[in-house]
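Chain naming here is simple, since letters A, B, ... match the order of the sequence lines and numbering starts at 1 in each. Everything numeric in this text was worked out from a predicted model, so none of it was measured. Scope of the values below: all heavy atoms of this structure, side chains included, with no hydrogens, waters or symmetry mates.
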Number of protein chains: 2
Amino acid sequence: MKKYLEILKTVKLFKGIKESDLMLLLGCLSGKLQHYEKNEIVFMSGESINSFGIVLAGQVQIVQEDFYGNRSILANIGVSNLFGESFACAGIKNLPVSVIATAESDLLFIDCQRLATPCVNSCAFHSQLIQNMLHITAMKNISLMQKIEFVTKRTTREKLLAYLSSEAQKAGSSCFSIPFNRQELADYLSVDRSAMSAELGKLRDEGILKFHKNHFELL
Amino acid sequence: MKKYLEILKTVKLFKGIKESDLMLLLGCLSGKLQHYEKNEIVFMSGESINSFGIVLAGQVQIVQEDFYGNRSILANIGVSNLFGESFACAGIKNLPVSVIATAESDLLFIDCQRLATPCVNSCAFHSQLIQNMLHITAMKNISLMQKIEFVTKRTTREKLLAYLSSEAQKAGSSCFSIPFNRQELADYLSVDRSAMSAELGKLRDEGILKFHKNHFELL
DNA sequence: CTCTTTTTGTTGTATTTCCAACAGACTTAT
DNA sequence: ATAAGTCTGTTGGAAATACAACAAAAAGAG
């Protein structure tokens, strides 16, 4: 766990917790570190969970799949971010989504019960953790709204431009990388991959953007 | 304010607060009651807000509008539910959405600062309020995900059926009312109104559902 | 009640998306 | 280096959607 101390310090859930208290706190929360291979399933939809995760290395995706096999990617969770905490905090028993590691990943799992109920040692941090968690779920709300903004755009072109400019803004530069390959991007924006590929080609021909693999530049 | 005591007792934010403490608490939070006419704007996109609202009567809608005039309804907020709290908790300065009263409404506004910082009187409730707020934002997360599930369906028919069956489930009956007229439903599901109307007609002809105005029955 | 406005349903056409199939580029394993 | 597998771009036809225009029904105003 110690090798991830630097990462843990950047996790928003632990904001305001002293570095010296961090390991102690993790013990109290009975945090469990686990390794996942690429494409391994972390949580399966329908499953009942009693812990949420923190990505310490790699990345995971939150995925919805209907029984026609249509896949929809709700979110990509990168290093130092949480997943599953909304279901935990809302007390949802059966997961309506799956979580999949899309790269070799190290994930830290924390028991929700432990977070919600103060214990002798962590009591001092408890109130801080809840407040941090509130901030995190509120931020997730915002990014879900932003995703809705993308997918409700009428055409593939508009969806692409809305998504890409938001990524550029997030990166603070017109050059940026995205955490998706083409099929994943299509599943995130909820469009047809081939049509999207064609549209990307058009946008490039019109001089609106450049791209190479998952690296983009808006012009 | 007293006339709404029964409603206030059902507000999830105040869960665990004794009825006798409620009015005291509202004073501490400097809650302000305000009346709105139908179609009046409550919050305007771009505005900077420092309070969130609770619907005591009527309803409001959370609306996104792009500069082509395409409207997207993110959510409908009914009696005893909160709006704007995600932006408050996330510390978002400029509202990315608008809030509009879609019926004559009484709204209670609460200052975020007051909620976040304990004061001499409300201190005892403070921790409870934060926990309740966490639960509320987590639940909102879930309903946003559900909305994404609707709008990412490929066809108008699938969107309708996904939405209507979720409403039936929520109502606990195959008969239920929806809080939208046709144009609003189209803007919520992000489809063309006329195409949606046609699809509703087909579904009725096929004996899959019955409807009259905003009252539906799944068969 | 009558007139006006809003809401809902219907239709036809242009546009867009979806799907399937395929070829080339790139990766990975052996 | 070869072969198998994956990812990306391209195309054509089928299906679905968006848009505009209009008629009928319902709601609201005077």
Atom-pair distance ([atom1] on [X]; [atom2] on [N]), nearest Å:
X        : N      : atom1 : atom2 : result
B:Glu199 : D:dA18 : CD    : P     : 12 Å
A:Lys159 : C:dC18 : NZ    : C1'   : 12 Å
A:Leu185 : D:dC7  : CG    : P     : 14 Å
A:His212 : D:dG9  : NE2   : P     : 10 Å
B:Asn181 : D:dA27 : CG    : P     : 12 Å
B:Asn70  : D:dT17 : CG    : P     : 17 Å
B:Asp192 : C:dT15 : CG    : P     : 16 Å
B:Met196 : D:dC19 : CE    : C1'   : 16 Å

OP1 or OP2 of [N] under 4.0 Å from side-chain N/O of [X]:
X        : N      : answer
B:Lys213 : D:dA25 : no
A:Lys38  : C:dT27 : no
A:Arg182 : D:dG9  : yes
A:Thr156 : C:dT17 : yes

Next on the checklist: Determine whether a donor-acceptor pair (N or O, by modelled atom type, separation under 3.5 Å) exists between the side chain of B:Ser174 and the backbone of B:Glu217.
Outcome noted: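 No, the answer is negative, given that no donor and acceptor are paired below the 3.5 Å cut-off.
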Next on the checklist: Looking at B:Lys202 and B:Ser197, would you say the former's side chain and the latter's main chain have a donor-acceptor pair under 3.5 Å?
Outcome noted: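 No, B:Lys202 side chain to B:Ser197 backbone: no donor-acceptor pair under 3.5 Å.
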Checklist entry - Heavy-atom count around B:Lys38 NZ within 6.0 Å, excluding the residue itself: above 12? => result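 No, because the 6.0 Å sphere around NZ of B:Lys38 holds 12 heavy atoms or fewer from other groups.
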Checklist entry - Salt bridge between B:Glu85 and B:Lys140, side-chain N to carboxylate O under 4.0 Å? => result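 Between B:Lys140 and B:Glu85 there is a salt bridge, with a charged N closer than 4.0 Å to a carboxylate O.
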Checklist entry - Between A:Leu200 and B:Ser194, which is nearer to the 5' end of DNA chain D once each is assigned its nearest nucleotide? => result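 Taking each residue's closest nucleotide, the earlier one in sequence belongs to A:Leu200.
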Checklist entry - Do A:Arg193 and D:dG9 share a donor-acceptor pair, side chain to base, under 3.5 Å? => result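 Yes.
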Next on the checklist: Under 4.0 Å, counting only non-hydrogen atoms across every strand here, what does A:Ser197 touch: a base, just sugar-phosphate, or nothing?
Outcome noted: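 Base, at least one base atom sits under 4.0 Å.
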Checklist entry - So, B:Phe43 versus B:Phe87, ring centres under 6.0 angstrom or not? => result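 So the answer is no for these two rings.
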